[in-house]
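Start at 1 and go down the list; that is how both ligands and their atoms are numbered. Predicted model, so just to flag it, every value in this text is computed and none were measured. In what follows, residues are counted from 1 in the order of the sequence shown.
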Amino acid sequence: MRAVLNTLIEELRRLKAAGVRTVAVSSESTASLRAVVVRRAEAEAGGRKLQSENTDRTSALDASSNPVRSPQPVLRAAGGAPSIPPPASRLASPAAATTAALPPPPAVALPAGDKSARWAALRELVLNHPVCLANVRPGKKVVLGVGSLDAKIMFVGEAPGADEEVQGEPFVGPAGQLLTKMIQGMGLKREETYIGNIMNWRPQMPVASGMEQVGNRPPTTEEMAFCLPFLRAQIEVVQPALLVALGKTATDGLLGAGKFKTLGEARGQWHEFAGLPVMVTYHPSYILREPTNRKKRLIWEDLLKVMERCGLPITEKQRGYFLER
Ligand code: URA
């Protein structure tokens, strides 16, 4: 336990030095740490002296109260630029795997050629990018957008989740299935649109050794900034007529973190990114949490605006979807 705690403290120091201010802790990790505290309290109450555990506590408290003692340096390449972070799989403790310092966002130069050639080159670049690879666990995939390279509508979500990092495709889990239904409601096939994300990897959270990550955390501003050039490049290749930002993270990623305090301030209105109109709406997972017609109607009204702007035909039936409460 002592070694695990020390590794955890080292990792937290390293993240702090890299500017990370919040770290998500899984319920398993919290439970493990709590178990240590409870064991110690029980031992002390019983008047027993557990030498090894007392040593644990001393080192843990020393380390946390003196963050400059034996700091772990942030990895830097020559010239001062932060180098590629160690992959989650190579971090000293998988339990401590979370955001690491990222290098500056990459400059993406697309080759000449037709859309398919340019997209294929971009795919090669993103799926093999060392920083992207460093941020996925073994056996999991970096995820690029999918869909028609002639799509008029590009949906932009947040980040891959558990299903997406396994399949290597955005929006294939429950939220994705709902997104597909929404697209079908618009009279389109999923594959006639383009679906991408702000992030190309699932934001990592600490997991107990040998366990799968449970739950998701929103990406940090730094992570979003790193992946944004990849999204810009997808927009450059596809040249859609407009973008649909799904949820607050996508909105922050496209329009700037901090521009809107709540999604409600931006939703249902046209904004602009890379010279294209952006409709902001709720993320499909918002509906999954509470699948009421009232909520569905809110998203649907935004999608009707999208259909109108794209010149898609709209039937009376479509106009009336989700009106019954
Ligand atoms: N949610 C997202 O925002 N993107 C995905 O790819 C899946 C779920």
Side-chain angles (χ1 to χ4, degrees), residues 24 99 119 122-123 126-127 129 132-133 135-137 139-148 151 153-184 189-205 212-228 230-235 238 240 243-255 257 260 262-263 266-267 271 273 278-291 295-296 298-299 302-303 306:
T99 59
W119 188 81
L122 177 61
R123 187 166 188 273
V126 176
L127 299 198
H129 197 289
C132 297
L133 289 172
N135 278 281
V136 294
R137 289 198 163 85
K140 302 297 193 286
K141 294 183 179 159
V142 177
V143 179
L144 187 69
V146 287
S148 166
I153 304 174
M154 182 182 285
F155 291 94
V156 180
E158 177 173 324
D163 297 295
E164 290 77 19
E165 70 167 357
V166 168
Q167 295 186 42
E169 183 171 331
F171 281 100
V172 288
Q177 285 154 23
L178 183 53
L179 176 62
T180 304
K181 280 193 190 154
M182 286 158 48
I183 293 169
Q184 288 164 348
K189 294 190 185 118
R190 176 182 161 106
E191 52 283 9
E192 288 175 307
T193 68
Y194 190 92
I195 302 175
N197 273 317
I198 291 290
M199 291 295 301
N200 299 96
W201 63 77
R202 183 183 186 191
Q204 300 286 294
M205 288 165 69
E212 290 286 328
Q213 176 171 323
V214 178
N216 297 308
R217 67 162 172 83
T220 63
T221 314
E222 192 193 17
E223 286 173 322
M224 292 197 284
F226 185 85
C227 290
L228 198 58
F230 299 139
L231 186 65
R232 279 185 185 279
Q234 291 169 84
I235 293 169
V238 178
L243 308 175
V244 181
L246 300 167
K248 180 72 163 58
T249 302
T251 304
D252 285 349
L254 291 174
L255 306 179
F260 303 101
T262 64
L263 187 67
R267 188 229 124 216
H271 305 267
F273 178 77
V278 181
M279 172 53 64
V280 169
T281 192
Y282 292 108
H283 193 281
S285 58
Y286 173 74
I287 302 279
L288 289 179
R289 283 194 290 274
E290 200 193 310
K295 283 189 168 181
K296 288 179 191 169
L298 290 177
I299 296 198
D302 301 340
L303 295 182
V306 168

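Looking at R202, its side chain never comes within 3.5 Å of a backbone N or O of K140 through a donor-acceptor pair. Here the side chain of Q177 pairs no donor or acceptor atom with the backbone of P174 at under 3.5 angstrom. A distance-only check finds no donor-acceptor pair linking the side chain of K248 to the backbone of H283 [under 3.5 Å].
Remark: minimum distance from atom 1 (N) of ligand 1 to any protein heavy atom is reached at H283 NE2, 3.2 Å. For atom 4 (N) of ligand 1, the nearest non-hydrogen atom of the protein is N197 OD1, 2.9 Å.
Residues that satisfy the side-chain contact (heavy atoms from CB on, under 4.5 Å) test with K295, not counting sequence neighbours, are Y286, I287, E290, T292. For P218, the side-chain contact (heavy atoms from CB on, under 4.5 Å) partners two or more places apart in sequence, or in a different chain, are E158, T249.
For the pair F171/T180, no side-chain contact is recorded, criterion being any heavy-atom separation below 4.5 Å from C-beta on.
Taking every non-hydrogen atom of G157 and a distance limit under 4.0 Å, the qualifying atoms of ligand 1 come out as 3 (O).
The distance criterion of under 3.5 Å between nitrogen or oxygen atoms is met by A159 with respect to ligand 1. Of the N or O atoms in P170, none lie within a sub-3.5 Å distance of an N or O in ligand 1.
Both the backbone and the side chain of E158 come within 4.0 Å of ligand 1, judged by heavy-atom distances.
Not a single heavy atom of G176 lies less than 4.0 angstrom from ligand 1.
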